[in-house]
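Read the structure below first, then the notes.
The basis for the numbers below is simple: all heavy atoms, side chains too, and nothing from hydrogens, waters or symmetry mates.
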Amino acid sequence: MAETSDTRSPAQIEADIKRRREVLAETLDEIGVRVHPKTIVGDAKAKVAANVDHTLGKAYVQVNRVVSEVKAQFVDEEGAPRLERVVPVALVAVGVVGLLVFSGTRRRKS
């Protein structure tokens with residue numbers, strides 16, 4: 001084994017050891033904070049919140065797209081209603097409501 005000569009003075013060696021102990025203490029403190037249960041739970045909560053925010057953002061974009069597509073079916077590019085599509089849907093809605101009201105009154109009479 002080859003010997004290496006250390007040309008540092010005892011004071012320099014002690015200062016180096018002290019510096020390395022301080023760095024080691026900081027590293028151990030950082031590790032302690034990282035593995036602390038509160039830190040782990042906080043990190044997990046942050047990840048869940050980020051995933052929920054991301055999912056809700058995607059859902060909002062998708063719903064907004066669907067609403068825009070449906071609106072485009074009933075309104076032209078200038079914002080005027082497309083009567084050829086609005087009137088039949090309105091008639092169907094009135095018919096369904098009428099059937100529900102009629103069937104409700106028939107059940108009460110029985």
Side-chain angles (χ1 to χ4, degrees):
M1 221 160 139
E3 278 189 42
T4 59
S5 63
D6 194 353
T7 58
R8 299 178 295 166
S9 70
Q12 289 172 326
I13 293 172
E14 287 177 10
D16 188 39
I17 290 171
K18 183 179 176 185
R19 184 179 48 79
R20 289 180 186 224
R21 280 184 181 155
E22 289 171 356
V23 169
L24 181 59
E26 288 177 18
T27 303
L28 289 174
D29 287 345
E30 287 178 20
I31 291 171
V33 168
R34 288 182 188 173
V35 299
H36 193 278
K38 286 184 180 180
T39 303
I40 294 170
V41 169
D43 290 347
K45 284 181 181 179
K47 285 181 182 178
V48 168
N51 286 337
V52 167
D53 288 346
H54 180 72
T55 302
L56 288 176
K58 286 172 61 175
Y60 175 79
V61 168
Q62 186 65 26
V63 167
N64 197 25
R65 184 178 305 135
V66 169
V67 167
S68 295
E69 290 172 359
V70 170
K71 181 180 175 184
Q73 296 296 317
F74 296 100
V75 178
D76 63 15
E77 296 81 24
E78 297 158 0
R82 294 182 177 186
L83 294 179
E84 71 276 5
R85 293 188 180 168
V86 172
V87 171
V89 171
L91 291 175
V92 168
V94 168
V96 169
V97 170
L99 285 174
L100 291 173
V101 169
F102 180 70
S103 68
T105 57
R106 285 186 62 201
R107 285 185 187 163
R108 285 188 204 134
K109 289 181 182 179
S110 302

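V23 is not connected to I31 by any chain of hydrophobic side-chain contacts under 4.5 Å among Ile, Leu, Val, Met, Phe, Trp and Tyr, and they are in different clusters. Residues V86 and V89 share a hydrophobic cluster, clusters being chains of Ile/Leu/Val/Met/Phe/Trp/Tyr side chains in contact below 4.5 Å. V61 is not connected to V52 by any chain of hydrophobic side-chain contacts under 4.5 Å among Ile, Leu, Val, Met, Phe, Trp and Tyr, and they are in different clusters. The same ILVMFWY cluster, assembled from side-chain heavy atoms under 4.5 Å apart, contains both V92 and L100.
Residues H54 and K58 meet the side-chain proximity criterion, which asks for heavy atoms closer than 4.5 Å.
Taking the charged nitrogens against the carboxylate oxygens, R20 and D16 do have a contact shorter than 4.0 Å, which makes a salt bridge.
Under the side-chain contact (heavy atoms from CB on, under 4.5 Å) criterion, D76 pairs with E78, A80, R82, not counting sequence neighbours.
Crowding of R34 atom CZ: a count of heavy atoms from other residues, nucleotides or ligands under 6.0 Å not exceeding 12.
A side chain to side chain contact (heavy atoms under 4.5 Å, CB included) with E69 is found for one member of R65, K71, Q73 and no other, namely R65.
Rounded to the nearest 0.5 angstrom, E14 CD and R21 CZ are separated by 9.5 Å.
Remark: side-chain polar atoms of T39 are not paired, donor with acceptor, to backbone N or O of V35 under 3.5 angstrom.
Chaining together hydrophobic side chains whose heavy atoms lie under 4.5 Å apart places I17 alongside I13.
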